[in-house]
Every structure is written in structure tokens, then in C-alpha cells.
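Working notes, structure below.
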Amino acid sequence: MARIEPQDPRRLDRADPRERGAIARQLPRDTDVAVPLDVMTPEQMIGLASIIRRPPELSLGPQNVTPETLPAAEKAAIGVQELGRMDVTDLGYRIASLLVRREQDVARSTDAFVKAGFSELEDMARMFEHLMIKRTTAF
Amino acid sequence: MEKLPFADTPATRDQDVELLGRLAAAQMHFGNPRTALLFLKLAEFILPGQTATMRMMVDAEHRLRRPQQALEIILDLEAADGDAANDPELLRIKGLVLAMLGEGDAARSVLAR
């Protein structure tokens with residue numbers, strides 16, 4: 001019976017760097033960097049040449065990535081990440097202050113969606129209140 | 001006199017709408033478009049006519065399988081913002097929404113743009 005050798009994760013590290021395209025991966029996005037061409041494979045040279053010839057409006061650099069050009073899903077993901085970085089106390093305070101500010105306006109509104117949204121936000125504020133109480137009483 | 005933190009000013013309106021947008025984005029991210037839509041409706045109530053809010057509402061209505069409402073917001077958005085008519089993401093949703101409404105030919109022409 002043939003013995004199946006377990007995959008050694010370090011095997012790739014020992015491989016010839018030209019075979020695993022390490023140089024291409026290490027290249028920064030900025031293309032005006034001196035690279036010894038004799039250590040590059042033909043595929044890597046073609047790749048580099050195509051990056052150099054790419055018109056500036058199609059540049060892959062981070063300078064072209066602005067909030068306006070991002071797809072909606074990525075924008076939403078950034079929003080979620082920013083929320084995740086916020087402190088619980090800060091977020092709870094912001095939501096509570098929003099509720100205090102808008103309570104009277106929403107009470108005057110006849111829109112069921114607005115009232116339901118406000119109610120959801122009140123639930124969220126209660127959750128944050130609970131979290132803060134839990135945090136302050138924990139020892 | 002020091003301004004109270006709960007005073008209603010244009011700056012606090014912007015902050016509130018931004019916060020509600022982020023909360024809505026989080027709800028969408030975690031697969032809860034209904035709550036996201038409620039937050040967006042509240043944001044629209046606080047500061048009406050914001051294109052960013054309307055775009056997210058289109059997405060939420062589409063995910064909630066409410067094509068008629070999504071189409072109405074898309075048409076409002078196109079009327080408010082000229083660039084919206086050529087936005088690929090909005091065109092994609094518009095095509096899908098028209099297809100859900102049984103408007104196959106219109107959907108095909110929108111998706112082919």
C-alpha cells in the first residue's frame with residue numbers, strides 16, 4: 001500500500017524562490033524600484049511590464065481606492081470595522097444621545113417605520129446599558 | 001454658555017445619520033436587512049434626501065424581496081442624483097428588481113447597459 005506523505009508546510013520555504021514567485025510577491029506596488037532582472041522568471045517580467053504599462057486611471061495603487069470608488073459591500077464592511085473599533089461606552093453614549101435628541105420628533109411622527117426603528121434603537125441602547133452595568137460591577 | 005450635548009444642530013444631525021448608517025451597515029453585514037431598513041428609515045426621517053441613505057435603502061428593500069419599494073427609491077434616487085442612473089451597482093439592482101416585478105424586457109435592457 002502506498003504511504004501518503006504528510007504535507008510539510010516548511011517545504012515551500014525551502015523551495016527555490018524563483019519557483020514560488022517570491023520576488024514578485026515581495027515587489028511593492030510602486031513600480032520605480034530597482035529589481036535585478038536576471039533573478040526574475042519570464043512570467044514575472046511580463047507581469048512587471050504589464051504593471052508598468054498600466055494607464056494611471058487603472059492603477060492598482062492604494063491612491064485610487066477612495067470611499068466613492070469602493071463597492072457597496074466593501075463600504076459596509078468598513079463601516080462595520082469602524083463600529084467594531086469603537087469603545088462600547090462611546091457607542092452606547094452616542095446611541096443614547098441620539099435617542100434623547102430625537103424622542104420628541106419621533107413621537108410626533110406618524111410613520112410606523114420610523115417608530116419601529118426608534119424602538120429598535122431603544123432596545124440597542126438598553127443592551128449597551130446592560131453591558132456597561134455588567135462591566136462596572138464585574139470584579 | 002456651554003452648548004448642551006443633546007442639542008439638535010445640523011452637526012448633530014449629520015452625526016446621527018452617520019451613526020445610523022453605520023449601524024444599518026452592520027445589520028446588513030450580519031444578514032438582518034429588516035432592522036437595517038428601520039435604521040435607514042429613521043435616518044431618512046432625521047435628514048431626508050441623503051443619497052447614501054437611499055442607496056442603502058435600495059439594497060435593504062431588494063434583500064427583503066420588496067421590488068416595488070426598491071424601484072420607487074431607485075427612481076427617486078435617479079431624479080435626485082444624475083450620476084445614479086449610470087451607477088453599475090444601482091443598474092444591477094434595478095435590473096434584478098424589474099425582473100422580480102415580471103418586467104423581463106426592461107430588466108434585460110437595464111442589465112445590458
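Below, chain A is the first sequence line, B the second, and so on; all start at residue 1.
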Identify whether the distance between the nearest side-chain nitrogen and carboxylate oxygen of A/Arg126 and A/Glu129 falls below 4.0 Å. no
For A/Leu91, which atoms come within 4.5 Å of any heavy atom of chain B: side chain, backbone, both, or neither? side chain
Run the salt bridge (charged side-chain N to carboxylate O under 4.0 Å, His left out) check on B/Arg13 and B/Asp16 step by step: do they pass? CA-CA 5 Å; B/Arg13 280 182 184 225; B/Asp16 290 351; over 6 Å; no
So, A/Glu120 and B/Arg34, do they make that salt bridge, N to O below 4.0 Å? yes
Heavy-atom proximity to chain A below 4.5 Å, by part of B/Leu40: neither
Hey, are B/Arg55 and B/Asp59 close enough for a salt bridge, meaning a charged N less than 4.0 Å from a carboxylate O? no
Contact part of B/Gln27 toward chain A, heavy-atom cut-off under 4.5 Å: side chain, backbone, both or neither? side chain
A/Val114 versus chain B, heavy atoms under 4.5 Å apart: side chain, backbone, both or neither? both
In terms of heavy-atom proximity below 4.5 Å to chain B, should A/Arg102 be classed as side chain, backbone, both, or neither? side chain
Any pair with a residue in residues 94-110 of chain B that passes side chain to side chain donor-acceptor pair (under 3.5 Å), sequence neighbours left out, goes on the list, sorted by first then second residue, please. B/Glu78-B/Lys94, B/Asp105-B/Arg108
